[in-house]
Amino acid sequence: MKRGCTQCGECLNVCPVYRQFSREEYAPKGKRLLLEPLHEDFSAAHEKDPELDWEHIKELARLCAGCGKCQQACARKLSTADLLSDVRAQHPHWTQHFWSLWIKHMGPMWPSLGMLASLVPGWVAPKGLRPSLDSAKAMVNKHNLKPWVTISKGASADVDVSTPVVVFQGCTAKNIRPQWTEKAQNLLRAWGYEVKDSSGFNCCGGTMHTAGIYDTMHEMQQKNIEHWRALGRPRIAVFCASCHHALADYANSPLSGQEAEQWKQSLMPLSRLLKGAEAHSAAEKPELYGYHQPCHWKTDEDMPFLQEILPGLVKGNGICCGMGGILQITNPDLSRNMADSCMQGFPRQARNILTSCSGCTIQLTAAAPEGITVNHWLDVVTL
Amino acid sequence: MSYVTKLTSAHRAFLEDLFKENVSFDKPSLRVYASDASNMKGEVLAMVRPTSVEQVQEFMRWADAERVVVHPRGRGTSLSGGCVPTLPGIVVSMLGMDRILDISDTDFVATVEPGVGTTLLQAECEKRNMFYPPDPASSKATSIGGNVVTCAGGLRAVKYGVTRDYVLGCDVVIPGGKLLQLGGRTQKDVIGLDMTRFMVGSEGTLGILTKLHLKLIPKPDASASLLVGYSSLDAALSSMGKVFAAGILPSAVEFMNETVLDILKQTGEYPWPDTVNSLLLFQVDGAEDTVPLEIARLSKQIDDALWRMQGVGKEEENELWGYRRRVSAASYVLGPDRIGGDMAVPRGQILNAVRRFESLAEKNGKRLIAFGHAGDGNIHANLHYDASDPDDAERTQKTHHEMDAAVLEFGGSLSGEHGGGCLKDVGRQLGEDEHEMMLKVRSLFDPNGILNPKKGY
Ligand SMILES: Cc1cc2nc3c(=O)[nH]c(=O)nc-3n(C[C@H](O)[C@H](O)[C@H](O)COP(=O)(O)OP(=O)(O)OC[C@H]3O[C@@H](n4cnc5c(N)ncnc54)[C@H](O)[C@@H]3O)c2cc1C
Ligand code: SF4
Ligand code: SF4
């Protein structure tokens, strides 16, 4: 049996859900105290309290954005998000199936759903539906931002182009922002890399993990690994922090041994491959812009990259946009409140926000007040 | 005294009317309020979360009249069960009163509500070039109100003292609902009894704190640390004596016994040679230009060290303190469960006390992890065991109790930091008359005994 939460409280300050409420039951600690007794790793079957079974606790325990911040802060490195996934896996719920359908079958329909939502005037929509409509609107692919900076490989760029690269695009780019993949591939080619075909990849499986739908997650993982193998194990360039987070976990499972090590070495943020960029700002570049740091980078290499090619970056002090996991589906209002708090963490002069995660881009676009744009950095960079 | 053990519908209606959405009765929400970092558990009838002093007053008037037991709570990090309902009662979470009301750089006073996070307050003070020194190791996780009510202390106590030394005044609501305003914003005040001091370390037995006036000092702008290795704890502590004798007052001095070095070696990399069996970790702070001189002076005093490593500035110091921070996690190699002691002895008695504790542990087939604040005689005496092994658990408990008895022989205290809570038999330490007097004072504030009954003293 594993030893669980010691109730040391170190995770309270970092949890974006706790920050919304300042109530201990919403903190990772509170959720763990409810979830651990339901998990065989932490508790024996005879210790279970029928008044605290999944049906009774799920409303409270599922209030998690899967940001992983509590695990980083915890002296025991306990992951509340993973615990919740495990317990969900034991107690499936319709929303998880819904999300599974969403990712698996409705992917190509996202843009049209967004278009539909745009036709519904906000004031007509019932209150409970607003957040979902806003995020559907955010999915509409608006190509109206002129690039802020032209980059090229600098003469002294010290990069190793000997191993081929494949771009992992993830569902959002695949379905509603195809220009990100194209841009990433063109940049890599300009740097001299041999760029392999991305089309054999599917979803990273991260969402399935949060939803506790492990069989679908395993299928997705397997498909991605097979594609990588078929391409001859190239380096994998990732421009979405959440995809990177989920892909990095393949090295723990299902991969093992030498191949796991090779996977770890191959996986990297796109920005690492674009070292030594020479940058020329365009007139469109704002003097100051906000940067939303995604929770899911273990080490964010995109921020220093942006600071180098695009001066004027101001990091927002919001802690999580609320997109992570399936909170968007299970608790759209909370998820939206988190996005609103996040938007409030930027200085007022910042009218443009950049980020480095597909999910954060969609979520914050939905929450952005009139006149504020939110983009992946790939949108403002050109060759 | 008999107390309410179940809330009636009238009770619930009263609480709902007073606290609106800030009251909970459902079992899942109450679970977290049933325990604290001591891992003990009690029965919670409801949780209320006041957002104003008026609500606290009205609640305390009602609770006293209805004989409802009240358990105030900050962030629930008490290691002595200070928040655990000893009798079924209502938990009052003070986290809804979390405003920093004022930080004055002319008065050097911060006025805050009790639910403010300790590190947040420290950071806000430091932004204004001021310093709130008390630094319990748990400061990232605690509320400032909890710190005051437990008189929290930390690494810097040797130079800067403990929470008690920084509380100038407080507002407190006592059972019956009266609001007492004690002390104030002045650095000096000798009119009447120092009732503010009664509140500090009172473990929630006298009233609910709703506002605090805290003393600030100018922020030292630099620091440096020195990690020093010795062949034994004996050598380490006699070397430490030379530092104080030379008139140097470090801002922190930590010690680690031989078992600590053993577990650090087992669980990770270490920079010291294998002849080193005990460590001291010093920190000095002050002005940018004097700190290098001060650390050099300190280093010169400890001429009998086997090995040393110096760190100047945050980054370098962090590496040194990393070894100290690793102790807690590394301890688990000795067993998955822990009983922690936080006894305090006069500084000159640390070695004797640690050696005595070690021999008690050994007699019971246990190993003692001893480290702590050498500068102020506070010993973290931790025992690890496997709770699923009843024999191990019993030997561990026995050692723990024997250490409590032993600490008193050295003129020490059962607890230097965590408090009596519902764990310590304080009658062992307090004289009969003194204990009785404390209970009389308690009943003046709380004649019906509704506040944190069976806790503290
Ligand atoms: C890993 C770890 C390390 C620790 N290290 C230290 C250390 O170095 N030094 C140290 O001193 N302590 C330490 N502690 C113990 C603990 O963190 C302190 O006692 C801290 O001051 C408690 O703050 P809190 O906000 O969590 O209060 P709580 O635990 O919530 O409450 C503590 C007590 O105060 C009462 N109380 C809380 N708020 C109020 C209020 N507003 N009015 C009236 N009563 C109130 C409660 O009833 C309880 O009796 C540590 C704990 C942990 C888990
Ligand atoms: S994963 Fe993030 S949102 Fe979920 S409990 Fe941990 S800190 Fe909170
Ligand atoms: S940091 Fe980890 S051990 Fe501490 S309260 Fe949070 S989950 Fe529990």
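Labels below follow one simple rule: chain letters A, B, ... track the order of the sequence lines, proteins then strands, and each chain is numbered from 1. Just so it is clear, the model here is predicted, and its values are computed rather than measured.
- Among M47(B), R75(B), R73(B), the residue with the largest count of heavy-atom pairs under 4.5 Å with chain A is R75(B).
- Heavy-atom proximity under 4.5 angstrom to chain A picks out Y332(B), P336(B), D337(B) from residues 325-338 of chain B.
- Within 6.0 Å of NZ on K77(A) lie more than 12 heavy atoms contributed by other residues, nucleotides or ligands.
- Counting heavy atoms from C-beta outward, C8(A) and T77(B) have side chains that stay 4.5 Å or more apart.
- Counting all heavy atoms, side chain and backbone alike, P28(B) lies closest to L34(A) at O-CD2, 3.6 Å.
- Separating the CZ atom in R3(A) from the CG atom in D386(B) is a distance of 5.5 Å, to the nearest 0.5 Å.
- Within 6.0 Å of CD on E40(A) lie no more than 12 heavy atoms contributed by other residues, nucleotides or ligands.
- The side-chain heavy atoms of H56(A) and K27(B), taken from C-beta on, include no pair separated by under 4.5 Å.
- Contact annotation for L60(A): only side-chain heavy atoms (C-beta onward) come within less than 4.5 Å of a heavy atom of chain B.
- Around the NZ atom of K366(B), the shell of radius 6.0 Å holds more than 12 heavy atoms that belong to other residues, nucleotides or ligands.
- Taking CD of E24(A) as the start and OG of S29(B) as the end, the distance is 12.0 Å to the nearest 0.5 Å.
- Taking a 6.0 Å sphere around CD of Q266(B), one finds it holds more than 12 heavy atoms contributed by other residues, nucleotides or ligands.
- For D36(B), the part lying near chain A is the backbone, with the side chain staying farther off; criterion is any non-hydrogen pair under 4.5 Å.
- Contacts between N22(B) and chain A at a heavy-atom distance below 4.5 Å involve backbone atoms as well as side-chain atoms.
- The 12-atom threshold is not exceeded at NZ of K6(B), counting heavy atoms of other residues, nucleotides or ligands nearer than 6.0 Å.
- Interatomic distance, CZ of R31(B) versus NZ of K29(A), reported as 10.5 Å (0.5 Å rounding).
- Put simply, the side chain of L95(B) reaches to within 4.5 Å of the side chain of Y18(A), judged on heavy atoms.
- Using a 4.5 Å cut-off between heavy atoms, C5(A) touches chain B through its backbone atoms (N, CA, C, O) alone.
- Here the side chain of R23(A) pairs no donor or acceptor atom with the backbone of R49(B) at under 3.5 angstrom.
- The contact between F21(A) and chain B is made entirely by backbone atoms, counting heavy-atom distances below 4.5 Å.
- A side-chain donor-acceptor contact under 3.5 Å links S35(B) and Q7(A).
- Considering CG of N13(A) and OG of S139(B), their distance stands at 9.5 Å, rounded to 0.5 Å.
- By the 6.0 Å contact criterion, NZ on K41(B) is open, its count of non-hydrogen atoms from other residues, nucleotides or ligands being 12 or less.
- Counting heavy atoms of neighbouring residues, nucleotides and ligands inside a 6.0 Å radius, atom NZ of K69(A) exceeds 12 of them.
- Open room surrounds CD on E308(A); 12 or fewer heavy atoms of other groups in view lie less than 6.0 Å from it.
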